[in-house]
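Atoms considered below: every heavy atom in the structure, side chains included; atoms not considered: hydrogens, waters and symmetry mates.
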Amino acid sequence: MFDLIEAWLLRPNFLAFVILFLWGLYIMVARPNLVKKLIGLYIVQTSVLLFFIALSAKTGATVPVLVSAADAVQAAAYANPLPHVLTLTAIVVQVATLGVSLALVAVIYRTYGTLDEENILKKLE
Amino acid sequence: MTFSVEIPLLILLIVTAAGAILVKDLVSAVFILGSYSFLLALVWAWLGAVDVAFVEAVVGAGLATILFLLTLFGMAPKDIHVHRPSSSWPALIGLPLLGGLLLYAAGDLPELGNPASPASVHVSPFYLENSMQHTRTPNVVTSVLMDYRAFDTFMETVVIFTAGVACALLLGRHRV
């Protein structure tokens, strides 16, 4: 048990990822309000990106922009750039999906006059 | 890298996420979500991911907040207030199980900031060491995004275009 707590304290980002991911997922499942569900979706997406970026960090490393063009590069002196590239793509795709789902919510509100999932289901019957 | 700044930032991150989830008024919740995005950008800048921090501050905190607000401003005030929180028992049982599994497996991950982690010793040194000769670009993130992985970025543009077309079809006056 003590080993496990030490493992969490060495990975504070992973602990934050687990809390944000599960809470956002719970909000997506449990809350009937559609915009609240999208807030939960946004928190789930960003928590996964937080996890990826935590993997790229190196102790004592700087940002992945090369300081000098002439010197040979020491890979340990720069943060790992590959999770950054993946995350840049993922953030933009995340906002694209968010935009489409918000447009869907706007059309649902225009058609049914409510954001509450249960009221919408009642009107569908 | 010391973690003295990291821990307070992560606590603030969880507090703002809790605010966005628990606040009843949706407009307030969206503004708190914007501050959550800014704190996330700070965490990423602290971890050395400056490009990602810029994108999160502009696209996450800026554009996503504006999209939420544009949607909410078209609605009646009584509808943008959450009346009753409800709970779902299957989720309340299943998600703690998933969380316990994730926390139990935490010991197998590399520690935060470990330079010898598998992600940092496999292919990423190749990009860091050869990017300058191959692409003449000091920013390795840019050279991977725009040169080594240009097709991925092109497909990302296709995704954004598709999302734009979908929004225009959903919100446009002429329905297909």
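Of the listed residues (B/Val144, B/Val55, B/Leu33, B/Val50), the greatest number of heavy-atom pairs within a distance under 4.5 Å of chain A belongs to B/Leu33. Between chain A and the options B/Ala49, B/Ala17, B/Cys167, B/Pro90, the largest number of non-hydrogen pairs under 4.5 Å is found for B/Ala49. Chain B forms the most heavy-atom pairs under 4.5 Å with one residue out of A/Leu86, A/Ile43, A/Asp3, and that residue is A/Ile43. For chain B, the option among A/Ala79, A/Pro81, A/Ala7 with the highest count of heavy-atom pairs below 4.5 Å is A/Pro81. Listed options A/Thr97, A/Leu38, A/Asn33, A/Leu22 were ranked by heavy-atom pairs under 4.5 angstrom with chain B; first place goes to A/Leu22. For the set B/Ile21, B/Asp108, B/Leu145, the count of heavy-atom pairs under 4.5 angstrom toward chain A peaks at B/Ile21. Contact count against chain B (heavy-atom pairs under 4.5 Å) is highest for A/Val35 among A/Thr87, A/Val35, A/Val67. Contacts with chain B were tallied for A/Ile27, A/Thr46, A/Ile19, A/Leu4; A/Thr46 has the most, counting heavy-atom pairs under 4.5 Å. Interface check for chain A: of the options B/Val43, B/Leu92, B/Leu70, the most heavy-atom pairs under 4.5 Å are formed by B/Leu92. The choice from B/Tyr36, B/Trp89, B/Phe54 that makes the most heavy-atom pairs within less than 4.5 Å of chain A is B/Tyr36. Contact count against chain B (heavy-atom pairs under 4.5 Å) is highest for A/Ile39 among A/Val29, A/Leu25, A/Val105, A/Ile39.
Both the backbone and the side chain of B/Ser120 come within less than 4.5 Å of a heavy atom in chain A. Contact of B/Asn139 with chain A is made through backbone and side chain together, with heavy-atom distances under 4.5 Å. Both the backbone and the side chain of A/Ala16 come within contact range of chain B, with heavy atoms under 4.5 Å apart. With a 4.5 Å cut-off on non-hydrogen atoms, A/Leu55 touches chain B through its backbone and its side chain both. Interface residue A/Asn13: backbone and side-chain heavy atoms are both found under 4.5 Å from chain B. With a threshold of 4.5 angstrom between heavy atoms, B/Ala18 approaches chain A through its backbone and through its side chain. For A/Tyr26, the parts lying near chain B are the backbone and the side chain together; criterion is any non-hydrogen pair under 4.5 Å. Looking at A/Ala103, the atoms closer than 4.5 Å to chain B (heavy atoms on both sides) sit in the backbone and in the side chain alike. Using a 4.5 Å cut-off between heavy atoms, B/Leu72 contacts chain A through its side chain alone, with no backbone atom that close. Of the atoms belonging to B/Ala106, heavy atoms from both backbone and side chain fall under 4.5 Å from chain A. Residue B/Val52 touches chain A through both its backbone and its side chain, counting heavy-atom pairs closer than 4.5 Å. B/Leu40 touches chain A through its side chain: at least one heavy atom from C-beta onward sits under 4.5 Å away, while N, CA, C and O do not. Both the backbone and the side chain of B/Phe68 come within less than 4.5 Å of a heavy atom in chain A. Looking at A/Phe51, the atoms closer than 4.5 Å to chain B (heavy atoms on both sides) all sit in the side chain, from C-beta outward. When heavy atoms are compared at a cutoff of 4.5 Å, B/Ala76 approaches chain A by way of both its backbone and its side chain. For a residue to count as touching a neighbouring chain, one of its non-hydrogen atoms must lie under 4.5 Å from one of that chain's; by this rule B/Leu109 touches chain A with backbone and side chain alike.
The backbone N or O of B/Ala20 sits less than 3.5 Å from a side-chain atom of A/Lys36, completing a donor-acceptor pair. Listed for the A/Thr59 side chain is a donor-acceptor partner under 3.5 Å among the backbone atoms of B/Gly113. No donor-acceptor distance shorter than 3.5 angstrom exists from the side chain of B/Asp51 to the backbone of A/Leu88, with no hydrogens or angles considered.
The two residues B/Thr71 and A/Ala106 have their closest heavy-atom pair at CG2-CB, 4.2 Å. Nearest heavy atom pair, residue A/Gly99 against residue B/Leu67, reads CA-CD1, 3.9 Å. Nearest heavy-atom pair, B/Ala166 versus A/Val100, reported as atom, atom and distance to 0.1 Å: CB-CG2, 4.2 Å. When all heavy atoms of A/Phe14 and B/Leu102 are compared, the closest pair comes out as CE2-O, 3.4 Å. Considering every non-hydrogen atom in both B/Leu112 and A/Ala54, the closest pair reads CD1-O, 3.6 Å.
Separation of atoms CD (B/Glu111) and CG (A/Leu9) is listed at 12.0 Å; rounding is to 0.5 Å. In this structure, CZ on A/Arg110 lies 6.0 Å from CG on B/Leu171, to the nearest 0.5 angstrom. Going from atom CG of B/Leu13 over to atom CG of A/Leu50 covers 6.5 Å, rounded to the nearest 0.5 Å. Atom CD1 of B/Ile14 and atom CG of A/Leu20 lie 5.0 Å apart (nearest 0.5 Å). Note: A/Thr89 OG1 to B/Arg149 CZ = 11.0 Å, rounded to the nearest 0.5 Å. With values rounded to the nearest 0.5 angstrom, A/Leu66 atom CG is found 9.5 Å from B/Thr137 atom OG1.
Counting heavy atoms from C-beta on, the side chains of A/Ser56 and B/Leu47 never come closer than 4.5 Å. Looking at heavy atoms from C-beta onward, A/Leu15 lies in side-chain contact with B/Leu103 at the 4.5 angstrom threshold.
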Show the numbers, then the answer: is there a side chain to side chain contact (heavy atoms under 4.5 Å, CB included) between A/Val85 and B/Asp152?
CA-CA 10 Å; A/Val85 177; B/Asp152 288 357; over 6 Å; no
Where do B/Val140 and A/Tyr78 land on the side chain to side chain contact (heavy atoms under 4.5 Å, CB included) test, with the steps shown first?
CA-CA 10 Å; B/Val140 186; A/Tyr78 299 98; over 6 Å; no
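Side-chain heavy atoms closer than 4.5 Å link hydrophobic residues (I, L, V, M, F, W, Y) into clusters, and following such links, even through other members, never connects B/Phe151 to B/Tyr148. Follow the hydrophobic side-chain contacts under 4.5 Å out from A/Ile53 and you reach B/Trp46 in the same cluster. B/Met75 and B/Val23 fall into different hydrophobic clusters, where Ile, Leu, Val, Met, Phe, Trp and Tyr side chains are chained together by heavy-atom contacts under 4.5 Å. Linking Ile, Leu, Val, Met, Phe, Trp and Tyr residues whenever their side-chain heavy atoms come within less than 4.5 Å leaves A/Val65 and B/Trp44 in two separate clusters. No chain of hydrophobic side-chain contacts below 4.5 Å, direct or via other Ile, Leu, Val, Met, Phe, Trp or Tyr residues, connects B/Val159 to A/Leu102.
Checking B/Ser37 against A/Tyr42 by side-chain atom types alone, a donor-acceptor pair falls below 3.5 Å.
Under a cut-off of 6.0 angstrom, the local environment of NE2 in B/His122 is sparse, with at most 12 non-hydrogen atoms contributed by other residues, nucleotides or ligands. Summarising the local packing, OH of A/Tyr109 is surrounded by more than 12 heavy atoms from other residues, nucleotides or ligands at distances under 6.0 Å.
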